[in-house]
Amino acid sequence: TACSSKYVLSALHPMWQGPLVAPGGNRQSPIDIRVRKSVFDPHLKPLTPDYDPRTCSQIWNNGYSFLVEYDDTTDKSTLKGGPLEDNFRLCQFHFHWGESNAWGSEHTVDRRLFPAELHMVHWNSDKYSRFEEAVMEENGLAVIGVFLKIGKRHEGLQKLVDVLPAVRHKDSVVEFTRFDPACLLPTNIDDYWTYAGSLTTPPLTEAVTWIIMKQHIEVSHEQLAVFRSLLFTSAEEEVQKSMVNNFRVQQSLQGRTVRSSFT
Ligand SMILES: CCOC(=O)CCc1ccc(S(N)(=O)=O)cc1
Ligand SMILES: [Zn+2]
């Protein structure tokens with residue numbers, strides 16, 4: 001069952017220092033999105049991201065992924081609309097990927113795996129005063145998920161790819177500015193699935209409104225290979241481990257409904 005495979009992952013993956021089973025976990029992520037079981041919701045509004053590239057501040061390797069962090073002390077880079085009732089502030093984006101192009105995404109669509117998945121993480125600034133507070137609350141976070149496919153080179157991503165060697169080791173950080181995260185969104189952001197879920201890494205809190213884009217973006221094989229050149233390990237550790245397969249296994253839906261913004 002999903003539960004046992006979660007234990008298997010915990011045994012194999014160095015990345016799990018958190019709780020193996022989220023307390024009372026009945027809305028865990030990621031999930032498999034069964035397209036024919038999703039329910040069209042005509043009341044879902046268009047999503048309105050409004051990002052200011054000047055809020056981009058740094059990139060760091062946290063030992064699970066690399067995070068591009070945004071200054072979220074003011075309402076400069078926000079997300080509204082879609083399934084969201086409140087205003088959400090962008091705080092970071094990161095990716096999950098595999099060691100091969102055959103797998104790497106966290107969510108799947110009718111069991112289809114993608115080589116990687118982008119997560120753009122926002123917190124509810126109408127209800128909470130900072131990310132660390134929102135991450136513990138039921139309607140605290142909104143994460144946009146975008147699938148990556150291998151194809152043509154993504155020109156906007158290249159600025160990010162070029163700086164990754166500078167954050168090769170865990171806990172390394174470099175200044176990174178004037179990056180517009182909107183360039184990583186697909187051309188069509190009106191078609192998405194949405195469901196109530198959780199963080200996919202510790203603390204695994206059930207705080208996330210997930211918004212998964214139907215349309216993927218394309219990156220080149222060479223660009224994804226640079227992601228795989230990152231390391232889970234810090235510079236001091238003798239054994240260097242490639243940062244690959246940093247995804248969680250799918251969790252059971254447990255009666256949840258996945259809504260779609262399109263028919
Ligand atoms: C209390 C501090 O909590 C954190 O730092 C959680 C960060 C965190 C943010 C987003 C995600 S994901 N993969 O579900 O988009 C996982 C973990
Ligand atoms: Zn993630």
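Ligands are counted one by one from 1 in listed order, and the atoms in each one are counted from 1 as well. Numbering of residues begins at 1 and proceeds along the displayed sequence.
- Side-chain contact, S29 with T200: no donor N or O sits under 3.5 Å from an acceptor N or O.
- The pair D52-K76 does not meet the salt-bridge criterion, since no charged nitrogen lies less than 4.0 angstrom from a carboxylate oxygen.
- Per-residue contacts place H96 under 4.0 angstrom from the following atoms of ligand 1 (heavy atoms of the residue considered): 13 (N).
- Taking atom 8 (C) of ligand 1 as the reference point, the nearest protein heavy-atom neighbour is L199 CD2, 4.0 Å.
- Salt-bridge annotation for D75 and R89: present, with a side-chain N of the basic residue lying under 4.0 Å from a carboxylate O of the acidic one.
- Of the protein's non-hydrogen atoms, F131 CE2, 3.9 Å is the one closest to atom 5 (O) of ligand 1.
- Of the N and O atoms on the side chains of N245 and W103, at least one donor lies less than 3.5 Å from an acceptor on the other residue.
- The closest donor-acceptor contact from the side chain of S220 to the backbone of Q223 lies under 3.5 Å.
- Under 4.0 Å from ligand 1, heavy atoms of T200 appear from its side chain as well as its backbone.
- Taking the six-membered ring where tryptophan is involved, the planes of F93 and F95 are perpendicular, since the angle between them exceeds 60° and thus also 30°.
- Contact annotation: for M136 versus ligand 1, there are no heavy atoms closer than 4.0 Å.
- Contact annotation for V121 and ligand 1: only side-chain heavy atoms (C-beta onward) come within less than 4.0 Å of the ligand.
- With Q28 as the fixed residue, the side chain to side chain donor-acceptor pair (under 3.5 Å) test singles out one of Q250, R256, R248, Q254: R248.
- Scanning all protein heavy atoms for the shortest distance to atom 3 (O) of ligand 1 gives P203 CD, 3.6 Å.
- Heavy atoms of Q92 approach ligand 1 to within less than 4.0 angstrom.
- Note: W97 and F66 have tilted aromatic rings, judged against thresholds of 30 and 60 degrees for the angle between ring planes.
- Residues W193 and F262 place their aromatic rings such that the two centres sit under 6.0 Å apart.
- If you look at the Zn ion (ligand 2), the protein N, O or S atoms less than 2.8 Å from it are H94 NE2, H96 NE2, H119 ND1.
- Residue contacts with ligand 1 for S29 are absent, since no atom lies close enough (heavy atoms, distance under 4.0 Å).
- Residue H107 forms a ring-ring contact (aromatic ring centres under 6.0 Å, His included) with just one option from F247, F114, Y195, and that option is Y195.
- Rounding to the nearest 0.5 Å gives a distance of 11.0 Å between CG of D71 and SG of C91.
- Atom 1 (C) of ligand 1 has V135 CG1, 3.7 Å as its closest protein atom, hydrogens excluded (heavy atom only).
- For ligand 1, the polar-atom distance check finds no N/O of T201 at less than 3.5 Å from any of the ligand's N/O atoms.
- For W210, no nitrogen or oxygen atom sits less than 3.5 Å from a nitrogen or oxygen atom of ligand 1, counting backbone and side chain alike.
- Rounding to the nearest 0.5 Å places NE2 of H119 at 12.5 Å from CG of L141.
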